[in-house]
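Quick note on labels: first sequence line is chain A, next is B, and so on, each numbered from 1. Here the structure is a predicted model, which is why all the values come from computation and not from measurement.
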There are 2 protein chains.
Amino acid sequence: MNKLKLILFDVNETLLDLSPMEQRMNQAFENENAFKLWFYLMLQYAWVENSIGTYSNLGEVGKATMSMLNKQLGKSVTEQKQQELLRMIRSLKPHPDVKPALAQLKEAGFRLVSFTNSAQQVAEEQMRNAGLDEYLEEIMSVDLVQKYKPAPETYLKAINHLNASPEETLFIAAHGWDVAGAANAGLQTGFIDRPGQALYPLAPTPTYQGKTLLELASQLTTL
Amino acid sequence: MNKLKLILFDVNETLLDLSPMEQRMNQAFENENAFKLWFYLMLQYAWVENSIGTYSNLGEVGKATMSMLNKQLGKSVTEQKQQELLRMIRSLKPHPDVKPALAQLKEAGFRLVSFTNSAQQVAEEQMRNAGLDEYLEEIMSVDLVQKYKPAPETYLKAINHLNASPEETLFIAAHGWDVAGAANAGLQTGFIDRPGQALYPLAPTPTYQGKTLLELASQLTTL
């Protein structure tokens with residue numbers, strides 16, 4: 001009955017471990033929540049762009065919001081240091097559960113594709129540096145649509161590009177907003193409940209949930 | 001040449017001082033950035049709703065995101081305490097510069113209207129409790145449009161309801177995203193550079209800027 005063929009994965013925090021970047025950024029801004037505040041602010045302004053119908057890629061939004069955070073926290077982290085912190089997003093390691101889970105899912109015959117709000121070039125660099133490219137049929141970015149997830153057209157255009165249908169596609173993320181968006185677009189959804197993450201209480205419950213991608217992979221390969 | 005007739009004001013942080021709520025929330029969550037993180041998260045999810053085409057009012061989004069923050073920070077602030085903190089938004093005092101500035105602008109003949117992302121009923125309670133209702137021709141909320149600022153239709157519908165045009169309207173806020181949205185909708189804009197606030201570097205420069213509403217009022221009454 002459940003004819004899942006394609007699995008789309010969010011990247012930042014879902015596949016990749018952002019904690020080294022978090023530590024360095026919290027140190028640089030001398031605030032234990034600096035990274036969280038910046039990441040929240042970057043998402044805010046990505047969605048401000050969605051709301052007003054403009055598009056600057058996530059690297060540009062990330063840079064702009066880091067300089068805003070600098071002012072908002074009353075800090076004076078240099079632009080050079082900010083650039084150095086931003087560059088860290090290109091060379092993150094995957095969470096330990098990710099490679100074995102992708103191997104298991106690929107072995108089980110699923111088509112695997114990454115789909116991120118990061119810019120296309122950054123996304124490719126991220127997957128290559130993390131050694132995840134070999135598991136993936138394609139590395140996709142919202143650059144394709146010039147609009148950020150969770151807008152429905154982002155997921156639908158990616159699926160269309162891959163010649164699949166929403167019903168046969170599962171979208172997996174560690175962010176409440178991303179599973180809410182995918183569900184809204186008619187996809188099946190999986191939530192990885194990584195530390196510091198939470199589902200949006202006003203969105204539908206995801207189809208699958210687990211603490212790690214391995215837990216989700218086990219549920220999916222025993223369907 | 002500059003035929004300004006109508007001034008729209010954002011409410012939270014622009015007219016009203018949120019610092020008592022910030023202090024109480026930071027205490028309750030034992031984190032000096034708890035309020036900032038929550039406010040950012042509330043805005044994020046308001047714009048997630050914009051992106052996917054749904055609408056829950058800001059009270060509902062605020063409640064949902066406070067429970068998310070509780071989980072994300074690994075805290076166990078009770079639901080009763082969360083409700084108590086949320087209720088504080090209804091009885092905030094205006095910043096000290098606000099009443100004299102509104103009086104000056106009203107005296108100069110401008111039509112003054114508040115326009116907030118808060119729900120209509122909350123907005124009315126906020127203005128009444130702050131003693132600002134007497135300066136305002138109308139108290140407006142995005143409930144009218146069922147979509148959050150900075151989507152262009154929010155500003156345009158408010159202006160249309162007030163029988164004004166974007167060109168004769170000035171929108172004033174202490175948030176970068178709000179002045180970016182108003183400028184995008186074709187309004188003139190004013191930014192109040194309150195502590196902890198910053199303009200979005202990728203948006204156009206506002207028409208007017210000042211540290212307080214009194215500074216902006218002086219610029220406007222000497223036009």
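Counting non-hydrogen atoms of neighbouring residues, nucleotides and ligands closer than 6.0 angstrom, the CD atom of E79(B) reaches no more than 12 such neighbours. Residue-environment remark: NZ (K211(A)) stays at or below the threshold of 12 foreign heavy atoms within 6.0 Å. Within a 6.0 Å radius of CD in Q121(A), other residues, nucleotides and ligands contribute 12 heavy atoms or fewer. When the shell of 6.0 Å around NZ of K75(A) is examined, it contains more than 12 heavy atoms from other residues, nucleotides or ligands. Within 6.0 Å of NZ on K71(B) lie more than 12 heavy atoms contributed by other residues, nucleotides or ligands.
Contact annotation for Q197(B): only backbone heavy atoms (N, CA, C, O) come within less than 4.5 Å of a heavy atom of chain A. Only the side chain of D193(B) comes within less than 4.5 Å of a heavy atom in chain A; its backbone stays farther off.
For the residue pair P201(B) and M68(A), the shortest heavy atom distance occurs at CD-CG, 3.7 Å. The minimum heavy-atom distance linking I52(A) with P150(B) is given by the pair CG2-O, 3.0 Å.
Taken from OG in S51(A) to NZ in K147(B), the straight-line distance is 7.0 Å, to the nearest 0.5 Å. Remark: T65(B) OG1 to L202(A) CG distance equals 8.5 Å, nearest 0.5 Å. Atom CD of Q72(A) sits about 14.5 Å away from atom CZ of R194(B), to the nearest 0.5 Å.
Judged purely by distance below 3.5 Å, without hydrogens or angles, the side chains of Y200(A) and E49(B) pair a donor atom with an acceptor atom.
Of residues 28-43 of chain B, those residues lying under 4.5 Å from chain A by any heavy-atom pair are N31(B), E32(B), N33(B), K36(B), L37(B), Y40(B), L41(B), L43(B).
Chain A forms the most heavy-atom pairs under 4.5 Å with one residue out of T154(B), T54(B), L199(B), and that residue is L199(B). Residue with the most contacts toward chain B among L73(A), N70(A), V61(A): V61(A) (heavy-atom pairs, distance under 4.5 Å).
The shortest distance between side-chain heavy atoms of W47(A) and N50(B) does not fall below 4.5 Å.
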